[in-house]
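First up is the structure itself, then whatever we jot down about it.
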Number of protein chains: 2
Amino acid sequence: MDKSALFYKLVSFTNSVHQVTHELTRNAKSDSITQVQYKILEYITVSQPVTTSEISSCMNMSLPNTSRELRKLSEKRLIDKIDDTEDRRKQYIRLSNDGEIMMNKSFASIETRFLERVQNASNDDLEDIEKALDILQKKLFYQ
Amino acid sequence: MDKSALFYKLVSFTNSVHQVTHELTRNAKSDSITQVQYKILEYITVSQPVTTSEISSCMNMSLPNTSRELRKLSEKRLIDKIDDTEDRRKQYIRLSNDGEIMMNKSFASIETRFLERVQNASNDDLEDIEKALDILQKKLFYQ
DNA sequence: TGATTTACTTATCAAATGATAAGTAAGAGG
DNA sequence: CCTCTTACTTATCATTTGATAAGTAAATCA
């Protein structure tokens with residue numbers, strides 16, 4: 001097994017994933033938030049409740065900048081900050097109702113584009129895709 | 001086959017790909033160029049020769065901004081611009097020698113991290129990974 | 001040949017992002 | 001109790017990035 005050849009395949013693959021992700025998510029984001037704010041909301045959506053520190057380290061941004069962006073999201077009423085009752089330095093971040101509504105819309109838009117993309121795939125194709133996603137997530141893109 | 005469930009799997013998967021890509025490529029970029037400039041060089045590396053317009057549309061950036069960044073890369077002697085002899089409005093972009101050297105270093109660094117990531121994978125695992133990459137690229141992340 | 005389109009450049013401005021210093025307040029450890 | 005560490009905030013600044021207007025020069029088209 002030539003690992004170098006596999007590496008080049010991976011480079012090409014990740015480029016495709018980035019391209020297609022861009023294609024699927026274009027216009028999904030509301031104009032009232034920035035790209036970084038959208039990525040933060042996306043992370044909160046799938047991981048809530050999360051602390052500010054967790055967001056900071058998972059999104060690879062500094063704590064001060066994370067704090068600033070969360071303040072902006074809070075001012076836009078898209079997230080709620082809930083103080084931890086045990087450790088009062090911590091606070092848990094959740095989507096607010098407005099945030100839920102916004103992210104539901106975004107995900108619906110992305111899902112629509114996804115469905116367009118796989119509309120011609122057979123059931124066998126879809127099963128192949130699912131298995132392939134599982135294998136790669138487990139064996140290559142594990143965290 | 002539940003396409004909605006598959007969609008959620010895809011969301012989780014693309015997040016993992018982004019995370020791992022970030023992990024593999026950290027420190028791969030020279031400090032003398034910006035993130036966007038690095039992405040442009042990466043695109044030129046795998047697609048050269050390319051025109052300014054092609055870079056602009058494939059990287060989803062405006063022609064003026066693309067032109068500016070290419071000028072900066074040219075000033076740093078990382079790319080060469082070659083006038084098209086047939087259509088004199090066009091110019092083809094290539095890596096310069098210095099650009100080749102820089103990108104070879106970057107790719108070597110990324111490959112090293114990739115090899116660390118798969119060092120415990122068996123030959124069967126690697127074959128599974130390769131097949132999965134092929135399937136997804138063909139059936140889901142096609143351009 | 002004149003009008004239109006294409007490929008690209010220059011210039012300018014605003015906004016987003018990143019980096020860093022300095023601070024507060026609470027928990028943890030000796 | 002005192003020190004250290006953790007979790008987070010505020011403030012500030014530089015840089016990067018994005019958007020837009022206006023221009024040049026070459027090709028195409030009618």
Side-chain angles (χ1 to χ4, degrees), chain A residues 18 22-23 25-44 47-76 78-94, chain B residues 18 22-23 25-44 47-76 78-94:
Chain A
H18 281 87
H22 184 273
E23 155 70 20
T25 56
R26 80 186 150 86
N27 301 330
K29 176 182 86 56
S30 154
D31 286 341
S32 64
I33 56 174
T34 70
Q35 189 60 33
V36 167
Q37 285 163 11
Y38 175 77
K39 292 307 283 181
I40 291 175
L41 286 182
E42 212 175 57
Y43 177 70
I44 296 171
S47 314
Q48 62 186 342
V50 278
T51 65
T52 305
S53 301
E54 282 166 347
I55 295 172
S56 166
S57 76
C58 290
M59 311 276 311
N60 301 112
M61 55 194 291
S62 70
L63 205 48
N65 291 337
T66 307
S67 177
R68 174 186 61 197
E69 297 310 319
L70 288 177
R71 178 175 51 73
K72 288 179 186 169
L73 288 170
S74 187
E75 281 165 5
K76 293 177 212 251
L78 295 169
I79 60 169
D80 291 328
K81 300 182 178 183
I82 301 140
D83 290 330
D84 188 337
T85 47
E86 312 219 317
D87 184 340
R88 296 194 306 167
R89 290 168 308 177
K90 281 192 188 176
Q91 52 182 359
Y92 286 100
I93 314 289
R94 287 197 149 281
Chain B
H18 282 86
H22 184 274
E23 155 70 20
T25 57
R26 83 186 147 86
N27 303 330
K29 175 181 86 55
S30 154
D31 286 341
S32 64
I33 57 174
T34 70
Q35 190 59 33
V36 167
Q37 285 163 11
Y38 175 77
K39 293 306 283 181
I40 291 175
L41 285 182
E42 212 175 56
Y43 177 69
I44 296 171
S47 314
Q48 61 185 342
V50 278
T51 65
T52 305
S53 301
E54 281 166 347
I55 296 172
S56 166
S57 76
C58 290
M59 311 275 312
N60 302 112
M61 55 193 289
S62 71
L63 205 47
N65 291 337
T66 306
S67 176
R68 175 186 60 198
E69 298 308 321
L70 288 177
R71 178 175 51 73
K72 289 179 186 168
L73 288 170
S74 187
E75 282 165 5
K76 293 176 211 252
L78 295 168
I79 59 169
D80 291 327
K81 300 182 178 184
I82 301 141
D83 291 329
D84 188 337
T85 47
E86 311 218 317
D87 183 341
R88 296 195 305 168
R89 291 168 308 179
K90 280 191 187 174
Q91 52 182 358
Y92 286 101
I93 315 288
R94 286 195 150 282

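FYI, side chains are in, hydrogens and waters are out, and symmetry mates aren't considered; it's all heavy atoms of this structure. Chain identifiers are assigned alphabetically (A, B, ...) following the order of the sequence lines, protein sequences preceding nucleic acid strands; residue numbering begins at 1 within each chain.
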(message) side-chain hydrogen bond (donor to acceptor under 3.5 Å, both in side chains), that's the test. Do B:Ser30 and B:Ser32 meet it? Break it down for me.
(response) CA-CA 5 Å; B:Ser30 154; B:Ser32 64; 2.8 Å; yes
Expressed in angstrom and rounded to an integer, what is the separation of [X] atom [atom1] from [N] atom [atom2]?
{"X": "B:Ile93", "N": "C:dA7", "atom1": "CD1", "atom2": "C1'", "value": "12 Å"}
{"X": "B:Ile82", "N": "C:dA7", "atom1": "CD1", "atom2": "P", "value": "18 Å"}
{"X": "B:Lys81", "N": "C:dT9", "atom1": "NZ", "atom2": "C1'", "value": "9 Å"}
{"X": "B:Gln91", "N": "D:dA25", "atom1": "CD", "atom2": "P", "value": "15 Å"}
{"X": "B:Lys90", "N": "C:dT9", "atom1": "NZ", "atom2": "C1'", "value": "18 Å"}
{"X": "A:Asp87", "N": "D:dC8", "atom1": "CG", "atom2": "P", "value": "8 Å"}
{"X": "A:Met61", "N": "D:dA7", "atom1": "CE", "atom2": "P", "value": "18 Å"}

(message) Within the 4.0 Å heavy-atom criterion, would you say A:Glu54 contacts the bases, only the backbone, or no part of the nucleic acid?
(response) nothing
(request) Indicate, with a heavy-atom threshold strictly under 4.0 Å, whether B:Thr51 touches base, sugar-phosphate, or nothing. (result) sugar-phosphate
(message) For the helix from C:dT1-D:dA30 to C:dG30-D:dC1, what angle separates the axis at the start from the axis at the finish, each from five pairs, in steps of 10°?
(response) 30°
(request) Would you jot down, in residue-number order, the residues of residues 29-38 of chain A having a non-hydrogen atom under 4.0 Å from DNA chain D? (result) none
(request) Would you jot down, in residue-number order, the residues of residues 64-75 of chain B having a non-hydrogen atom under 4.0 Å from DNA chain D? (result) B:Pro64, B:Asn65, B:Arg68
(request) Verify side-chain contact (heavy atoms from CB on, under 4.5 Å) between B:Thr51 and B:Tyr92, making sure each step is shown before the conclusion. (result) CA-CA 5 Å; B:Thr51 65; B:Tyr92 286 101; 3.5 Å; yes
(request) State which of C:dC8, D:dT9, C:dG27 makes the closest approach to the side chain of A:Leu63. (result) D:dT9
(message) Looking at A:Gln37, is its backbone amide N or carbonyl O close enough to the side chain of A:Thr34 to form a donor-acceptor pair, meaning the two atoms are under 3.5 Å apart?
(response) yes
(request) Take B:Gln91 and B:Thr52 through the side-chain contact (heavy atoms from CB on, under 4.5 Å) test and state the conclusion after the steps. (result) CA-CA 7 Å; B:Gln91 52 182 358; B:Thr52 305; 3.8 Å; yes
(request) May I ask you to decide whether A:Glu75 forms a salt bridge with A:Lys72, counting only side-chain N to carboxylate O separations under 4.0 Å? (result) no
[X]: what forms a side chain to side chain contact (heavy atoms under 4.5 Å, CB included) with it, not counting sequence neighbours?
{"X": "B:Lys29", "result": "B:Ile33, B:Gln35, B:Tyr38"}
{"X": "A:Asn65", "result": "A:Met61, A:Ser62, A:Arg68"}
{"X": "B:Arg26", "result": "B:Glu23, B:Arg113"}

(request) For A:Ile93 and A:Gln48, work out which heavy atoms get closest and say how close. (result) O-CB, 4.0 Å
(request) For the residue pair A:Ser74 and A:Lys81, establish whether any side-chain heavy-atom pair is separated by less than 4.5 Å. (result) yes
(message) With a 4.0 Å cutoff (strictly under), does any side-chain N or O of A:Arg89 reach OP1 or OP2 of C:dA25?
(response) no
(message) Checking A:Ile40 against A:Leu78 for the side-chain contact (heavy atoms from CB on, under 4.5 Å) test, could you report, in this order, the C-alpha distance in whole Å, the side-chain angles of both residues, the deciding distance, and whether it holds?
(response) CA-CA 11 Å; A:Ile40 291 175; A:Leu78 295 169; over 6 Å; no
